Every structure is written in C-alpha cells, then in structure tokens.
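This structure is a prediction, so every number in the text was calculated from the model and none was measured. Just so we're on the same page: letters track the sequence lines, and every chain starts at 1.
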Amino acid sequence: MKWSKAFIPTVKEDPSDAEVLSHKLMVRAGLMRKLAAGAYTYLPLGYRTLRKIEQIIRQEMDAAGAQELHMPVIQPGELWERSGRLKAYGPVLMNFTDRHGRRVVLGPTHEEVITTLVANNISSYKQLPLNLYQIQTKFRDEYRPRFGVLRTREFLMKDAYSFHLTLDDLKITYQKMYDAYCRIFDRCGLDYIVVEAESGPIGGESSHEFMVPTEAGEDTLVRCSCGYAANLERATAATPQKETKESPKDLREMHTPGATTIEELTKLLKVPAEKLIKTLVLLGDGKPLAALIRGDHELNEAKLAHAAGVANVEMADAQTIEKLTGAAVGFAGPVGLSKLPIITDKAVQGMANAATGANKTDYHLLGVNPGRDFALSSVADIRLAQPGDRCAKCGGELQFSKGIEIGHVFQLGTKYSQALGADVLDEKGKTQPLIMGCYGIGLNRIMAATIETGADEQGIIWPMNIAPFQVILVQLGQSDQVLTTAQKLYEDLTARGCEVLWDDRSARPGVKFNDADLIGIPLRITIGEKALANGNVELKPRTEKQPQLLEPSRAVEATAKIIQSELKAFNI
RNA sequence: CGGAGCGUAGCUCAGCUUGGCUAGAGCGCUGCGUUCGGGACGCAGAGGUCGGAGGUUCAAAUCCUCUCGCUCCGACCA
C-alpha cells in the first residue's frame with residue numbers, strides 16, 4: 001500500500017477531548033475518529049489491526065472447539081422480559097419501538113437469543129456439549145462513555161456460550177476457554193493477569209476476568225504477592241484481629257447534635273473511625289435491611305446482596321430510614337433495631353466498646369458491644385477491601401492497582417436455561433435444564449490496552465502479530481535511484497508475503513520518520529541517497545535506536561526473517 | 001442522574017472580564033519558488049451560520065434566557 005494513496009490522516013496535536021494515552025494516539029495515528037460520545041469510526045489503519053485481532057480470536061475459538069455463528073443485533077423486548085433482564089439492565093439497554101408498536105432491543109449481549117436458539121434446536125444430552133460464538137457489535141447506553149474506546153456505547157465483542165448437561169462438563173469447557181483466552185492475549189502481545197470476579201448482571205457462579213494492569217484502566221485490582229488476585233468487587237481481605245481484651249463498658253447515651261458523618265463523630269467523640277460502627281439502611285429487592293460496617297470501612301453492595309440472598313441492594317431514602325429507625329439520617333444504630341434484619345460485617349464482630357447511632361436524633365451510644373447489645377444473627381464479609389488490608393490467604397499486604405478488563409469468563413449455571421425453558425433429556429429420559437457458560441472479549445479494548453501499555457514518546461509500538469502493517473518503507477527524496485530501489489523492495493517484500501506500507505509521499509524526512517514512529521509499524525526500511533551511495537538501505541525495528549545497513553536484497557531477507565520469527569514467537 | 005468545565009477555520013487555541021472598525025494566530029490545505037536524513041522557509045490564496053434559538057441594545061463572538069453537543073469528577077456498569 002502506498003501512503004500517498006492511503007487514508008491515514010495523522011495529526012500533530014492531541015485532540016482536545018482526549019484524556020487517556022490510547023485515545024490520543026489512536027486519533028493522532030489516524031486509526032479512528034469520533035462520531036459522537038462513545039461512538040467511533042475505525043479508519044483503514046485501525047480497522048486492519050481490529051481485523052487481525054478478530055482473526056486471532058477466531059483461530060483460538062475454533063481450536064477450542066467453539067463454532068462461529070452470527071445472531072441479530074435487534075432482539076424482541078419480550079425475550080428480555082422473560083429472562084428478567086429488562087429491569088436488571090435498565091437504561092443501559094438501547095431500545096426502540098418499531099412501526100407495529102413492538103419494543104425492540106439492540107443487543108448488549110446475547111444470552112437470551114442463544115438460549116432460545118438452543119432451546120428450540122437441541123433436545124438430547126447426546127448433542128452436548130455445544131459451544132457457539134460470534135464476533136459482533138454490541139450496544140450499551142452507558143451512563144458515561146469515557147476513556148476513548150475503553151468504554152463506548154457501541155463496541156466489538158466476541159461472545160461465546162457453551163451448553164452442558166453437567167457441571168463437570170461445563171468445567172471442562174470453561175477450562176478450555178480459559179486456556180484459549182490466555183493464548184489469545186499472549187498472541188496479541190499483552191501483559192495481563194487473571195482475577196476472580198463478580199459476575200454482575202450476567203449472573204452465575206464462578207467467574208474470572210482478564211485484566212491488563214495500567215493506570216488508564218477503570219477497574220481496581222487487588223493483588224497479593226502470594227498470587228491472590230481479584231477485582232475490587234470480589235476481593236476478600238483478612239478480618240482484622242480481635243481487639244485486645246478491653247473489658248466491656250456499660251452502654252452510655254451521648255448528645256451529639258448534628259454529627260451525622262463518621263468524620264464529625266471522630267472529632268466530637270475523640271475516637272478513631274475504627275471504633276465506630278456504621279449502620280447503613282438499605283433495600284434488598286425492595287425490603288429494608290441494615291448493614292453494620294466498621295467506621296473506616298466501605299460497604300460492598302455485591303457482597304451484601306449475596307449475604308442477604310437478594311438480587312439487588314440500594315440505599316434507602318431518608319423517609320424510609322426515619323420511619324424504620326425513628327431518628328434522622330445519621331443516627332441509626334443496631335441496638336434496639338428490631339424491625340429489620342441486620343447483617344454484620346466480620347470486622348464488626350470482634351469490636352468492643354464501639355460507638356453507634358442511638359436511633360434517636362442527635363444521640364449516639366457509647367460502649368456498644370456486639371453480641372451483648374445486639375444479636376449477631378447474620379455475620380458475613382460485606383465490606384470492600386481497602387489499602388492497608390491484609391491478604392485473607394497469606395496475611396501479606398494487599399496491593400491495589402488499576403486495570404483494563406479485556407475478557408471475562410463465567411460459569412452461568414441454569415439462570416437463562418430455566419428462565420427460557422432450555423432443557424434436554426438425559427440418559428434416563430429425564431428433563432434437565434441446560435448448564436451454561438459464557439465467555440466475552442472486548443476487541444476494541446485489546447487494541448487500546450496494547451497501545452496503553454506499549455507506547456513511547458514517539459507513538460504506538462505494535463506487536464508484529466496485530467500491527468496494521470509489518471514493515472514501512474520510508475523513501476527519502478524522489479531520485480530515480482531511490483525510486484527504483486523502493487519499488488524493487490516493495491515488490492520483493494510483498495512477494496514474500498510481508499505486509500508493506502510504502503511511504504512514497506514527497507514530505508520531508510522528519511515528517512516521515514515521525515509519522516512512521518507515530519503509527520508504530522514494527523520494522524522500518526529507509527531508502528535514502530546517503531546509504532544508497534554504498535549500495536545500502538537501512539533496516540530498523542521500531543524499538544531500536546540505530547539502523548542496520550544492508551544491501552536491498554539482504555534487507556528483504558532480514559525483514560522476512562524477523563517477521564517470521566516474531567510471528568512464530570507469538571504463536572505459542 | 002448530581003457537581004465542574006468547554007463549544008470561535010479541518011486541528012490546537014486567542015479574543016469575551018469592560019459590547020463598537022473588515023473576527024485573529026499557529027498547524028493543516030491549494031498554487032508558485034527555494035529547500036530536503038528527525039515535524040523547513042518565502043510569496044500568494046482558499047477556508048467561519050463565533051454550537052443553535054430567542055432576548056437586551058443604535059450595535060452582540062462578547063450581556064441575559066432557553067436549548068443542544070462534548071469533556072472531566074461522582075454515582076452506575078461487560
């Protein structure tokens with residue numbers, strides 16, 4: 001491809017609306033342009049990389065025994081009512097009403113469609129396991145699209161779904177897919193880690209996320225040197241040591257006018273936050289419940305929902321709280337709070353002589369002792385891990401960092417098959433709900449994560465496997481000798497199967513070198529009069545400072561060899 | 001959805017506080033010339049509903065109201 005004929009609009013300055021590195025570089029290198037918030041056009045160069053990522057995924061999915069199919073983007077709203085996810089997804093679901101007044105959903109994912117498909121076409125355990133995937137544009141009306149292509153309203157996703165008679169069989173496929181994911185991300189040249197994850201509205205039991213650690217990520221990773229790794233929603237920290245044997249004091253009421261926050265209380269009572277018990281009033285699937293958390297800890301709603309056995313929890317509004325506690329917001333406490341179930345965090349259990357709200361406006365209780373002053377009917381880990389916490393497995397200090405989620409695998413169980421009636425007959429002729437797994441990869445995120453973690457001041461550095469072109473010919477000047485050499489190199493490299501971008505523009509050398517670095521092609525061959533005077537051209541990898549001088553025919557050999565060996569290295 | 005900020009040439013921005021000549025700069029683009037190994041230079045040009053609507057005024061990019069879009073923080077979320 002000759003650059004002069006290609007549509008590669010590079011720009012010198014960072015776009016004003018870009019914040020993260022990958023976003024800036026993708027625009028500057030002419031990979032993409034924004035149409036609207038969370039919607040991007042992939043230009044030819046960017047699309048080449050995206051297609052290469054797609055190809056790698058296809059190969060690995062096929063090798064793992066999955067079969068590719070293609071489902072519709074538009075889906076009947078009725079399907080989503082049946083699965084119960086119309087509500088669960090809420091406003092994130094893009095939908096419209098068609099001319100007949102039917103609600104149509106733009107697919108944010110395809111569990112409903114695939115489960116219906118399989119329900120209608122699979123009826124025997126003999127047809128299992130079945131593993132199906134597609135690569136398709138997904139739609140989500142995100143509250144806040146951001147970070148360039150990392151969170152968009154429209155994105156490319158590989159989604160796979162597997163169907164099984166037994167949990168053991170699911171686990172076999174789950175492991176195969178897990179391994180395939182590792183190969184995919186390895187081949188894309190990414191440094192990633194795998195963490196235990198919460199499954200969110202997809203639902204299900206076990207789940208792992210594939211994360212690329214980088215500051216630009218919006219997920220928080222919690223890791224320990226012992227190998228423990230989880231995302232923040234899932235992470236468990238060790239329960240703090242039981243407090244030294246402080247002898248229990250008597251309950252005492254204290255006037256604390258207007259002190260409704262932990263911060264105000266610590267000042268007023270002159271005790272540290274870890275001596276306070278926060279009493280949070282929430283609604284679990286609409287029913288009130290209270291959660292007790294140590295003053296310096298944060299509630300993890302997902303864990304609480306799990307512990308309470310509900311699908312969804314939200315903070316109760318002020319009116320509800322006042323009605324239930326008999327006090328203004330900020331003065332709730334567990335003592336005498338009999339109207340609603342109380343779930344106590346593990347860290348609260350061992351506290352002694354704590355302070356809590358008195359369920360009386362402008363009053364707090366001191367000397368509160370769990371177990372003595374209120375019942376510990378339900379104790380669970382319901383807090384977020386936080387910096388300074390210890391690992392629950394080895395006691396080491398937990399490390400917090402940011403990451404980009406590029407893939408996610410779930411053991412779904414029977415959530416969708418039961419809702420949508422996907423059954424098969426087992427060997428005894430008995431009806432069984434299908435057990436499902438599902439597996440997703442964000443292709444655009446792979447691209448962005450590669451740039452995010454692999455760029456330098458000059459621009460992008462593509463791994464050979466997903467580079468839009470493998471080698472760039474930088475032709476300096478337009479003299480006959482330079483031109484014929486470049487032409488010959490282009491033909492010879494192409495004949496050897498190399499993907500060549502030929503910068504034949506009449507721009508000055510500096511412009512070409514800077515553009516070549518910016519778009520990050522792994523190998524560069526410079527054809528200029530200087531080296532040609534000695535019959536040479538220059539070969540330089542993107543990551544090296546100094547070029548190597550070679551005769552053109554040798555440069556072709558060397559280039560082809562480097563490409564070969566790098567592609568092979570990625571083909572684990 | 002709560003908070004903050006921004007919208008002027010293809011891009012990055014100045015001008016707005018204190019209303020007033022023909023609305024500017026750099027980059028990019030077109031033509032000509034000189035250059036040519038890490039983002040050259042000269043000359044000549046093209047390119048603008050100042051996001052949109054309404055209002056105040058003799059006069060609005062500038063002041064007021066409404067509205068749309070975009071970005072960031074929060075909340076939410078594969």
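- Distances from the side chain of A/P15 to the nucleotides B/U12, B/U71, B/G37 place B/U12 closest.
- Out of B/C72, B/G38, B/C70, the shortest distance to the side chain of A/K34 is found at B/C70.
- In this structure, CD of A/E142 is placed 15 Å from P of B/A75, rounded to the nearest angstrom.
- Among pairs with a residue in residues 470-490 of chain A, those fulfilling ring pair (Phe, Tyr, Trp, His ring centres under 6.0 Å) read A/Y490-A/W502, at least two apart in sequence or across chains.
- Rounded to a whole Å, the CZ atom of A/R144 is 11 Å from the C1' atom of B/A4.
- Protein atom CD of A/E13 is 10 Å distant from nucleotide atom P of B/G28, rounded to whole Å.
- Across all strands shown, B/C1 forms a Watson-Crick or G-U wobble pair, both distances under 3.5 Å, with B/G74.
- Within 4.0 Å (heavy atoms only), A/G442 reaches at least one base atom of the nucleic acid.
- The pair A/D345-A/R294 does not count as a salt bridge, with every side-chain nitrogen at least 4.0 angstrom from each carboxylate oxygen.
- Heavy atoms of A/F147 sit under 4.0 angstrom from primed sugar atoms or phosphate atoms, though from no base atom.
- Going from atom NZ of A/K24 over to atom P of B/U12 covers 12 Å, rounded to whole Å.
- The separation of B/G48 from B/C43, taken at their P atoms, amounts to 24 Å, rounded to a whole angstrom.
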When every nucleotide of nucleotides 43-50 of chain B is labelled 5' to 3' by its protein contacts under 4.0 Å (heavy atoms), B for base, S for sugar-phosphate only, - for none, what sequence of letters results?
-> --------
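- The list of ring pair (Phe, Tyr, Trp, His ring centres under 6.0 Å) pairs with a residue in residues 504-546 of chain A, not counting sequence neighbours, is empty.
- Between B/A59 and B/G3, the two P atoms lie 36 Å apart (nearest whole Å).
- Residues satisfying the side chain to side chain contact (heavy atoms under 4.5 Å, CB included) test with A/A455, not counting sequence neighbours, are A/L21, A/L25.
- Comparing B/C77, B/G37, B/C73 against the side chain of A/R151 picks out B/C77 as the nearest.
- Only the P atoms considered, B/C16 is 14 Å distant from B/C6, to the nearest whole Å.
- Put simply, CD on A/E301 is 10 Å from C1' on B/C76, counting in whole angstrom units.
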Using a 3.5 Å cut-off and no angle test, enumerate the donor-acceptor pairs between side-chain atoms of residues 142-151 of chain A and protein atoms at least two apart in sequence or in another chain.
residue: A/E142; atom: OE1; partner: A/R151; partner atom: NH1; Å: 3.1
residue: A/E142; atom: OE2; partner: A/R151; partner atom: NH1; Å: 2.9
residue: A/R146; atom: NE; partner: A/E218; partner atom: OE1; Å: 3.4
residue: A/R146; atom: NH2; partner: A/E218; partner atom: OE1; Å: 3.4
residue: A/R151; atom: NE; partner: A/E218; partner atom: OE2; Å: 2.6
residue: A/R151; atom: NH2; partner: A/E218; partner atom: OE2; Å: 3.3

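- Checked against side chain to side chain contact (heavy atoms under 4.5 Å, CB included), A/P44 has the following partners two or more places apart in sequence or in another chain: A/F7.
- Toward the 5′ end of RNA chain B lies the nearest nucleotide of A/H23, the other residue of the pair A/G440 and A/H23 mapping further downstream.
- Base pairing annotation: B/G33 forms a Watson-Crick or G-U wobble pair with B/C41, both donor-acceptor distances under 3.5 Å.
- Among the protein residues, A/R33 comes within range of no part of the nucleic acid, since none of its heavy atoms lies under 4.0 Å from any strand.
- For the segment residues 448-462 of chain A, the set of residues with a heavy atom within less than 4.0 Å of an atom of RNA chain B is empty.
- For A/Y181 and A/K158, the side-chain atoms include at least one donor-acceptor pair closer than 3.5 Å.
- Distance A/D17 CG to B/C13 C1': 14 Å, rounded to the nearest Å.
- Residue pairs meeting the salt bridge (Lys or Arg N to Asp or Glu O under 4.0 Å) criterion with at least one partner in residues 281-290 of chain A, sequence neighbours excluded, are absent.
- Phosphate contact (OP1/OP2 of B/G37, side-chain N/O of A/T526, threshold under 4.0 Å): absent.
- Checking B/U12, B/G28, B/C76 against the side-chain heavy atoms of A/K12 singles out B/G28 as nearest.
- Contact annotation for A/A531: base contact, defined as any heavy-atom pair under 4.0 Å involving a base atom.
- Using atom P as the reference point in both B/U12 and B/A53, the two lie 23 Å apart (nearest Å).
- Toward the 5' end of RNA chain B, the nearer of the two residues A/D219 and A/K545, judged by each one's closest nucleotide, is A/K545.
- Contact annotation: side chain of A/R146 to base of B/G74, donor-acceptor pair absent below 3.5 Å.
- Within the structure, side-chain hydrogen bond (donor to acceptor under 3.5 Å, both in side chains) pairs that include any residue of residues 441-459 of chain A comprise A/S22-A/E452, A/Y42-A/N444, A/D456-A/R542 (at least two apart or interchain).
- Note on A/E538: a base of the nucleic acid sits closer than 4.0 angstrom, heavy atoms only.
- Residues from residues 503-522 of chain A that place a heavy atom under 4.0 Å from any atom of RNA chain B, listed by number: A/R508, A/P509, A/G510, A/V511, A/F513, A/N514, A/D515, A/D517.
- Remark: C1' of B/G38 and CD of A/Q546 are 13 Å apart, rounded to the nearest angstrom.
- The P atoms of B/G28 and B/C21 are separated by 31 Å, rounded to the nearest whole Å.
- The C1' atoms of B/U18 and B/C63 are separated by 11 Å, rounded to the nearest whole Å.
- Looking at A/E60 and A/R187, a side-chain N of the basic residue comes within less than 4.0 Å of a carboxylate O on the acidic one, giving a salt bridge.
- Among residues two or more places apart in sequence or in another chain, the side chain to side chain donor-acceptor pair (under 3.5 Å) test is passed with A/Q136 by A/H110, A/Q134, A/K138.
- When the P atom is used for both B/U22 and B/C27, the distance is 28 Å, rounded to whole Å.
- Look at CG on A/L43: it is 14 Å from P on B/C11, rounded to the nearest Å.
- Residue contacts for A/G528: at a heavy-atom cut-off of 4.0 Å it reaches a base atom on one of the strands shown.
- Looking at residues two or more places apart in sequence or on another chain, you find no side chain to side chain donor-acceptor pair (under 3.5 Å) involving A/K530.
- In summary, A/K415 and A/E111 do not engage in a salt bridge, as defined by a charged side-chain N under 4.0 Å from a carboxylate O.
- A distance of about 25 Å separates the C1' atoms of B/G15 and B/G54, rounded to the whole Å.
- Heavy atoms from other residues, nucleotides or ligands lying under 6.0 Å from CZ of A/R33 number more than 12.
- Closest to the side chain of A/L476, from the set B/G28, B/G37, B/U12, is B/G37.
- A donor N or O paired with an acceptor N or O is not found under 3.5 Å between the base of B/C77 and the side-chain atoms of A/R140.
- Remark: the backbone N or O of A/E233 is paired with a side-chain donor or acceptor of A/N300 at under 3.5 angstrom.
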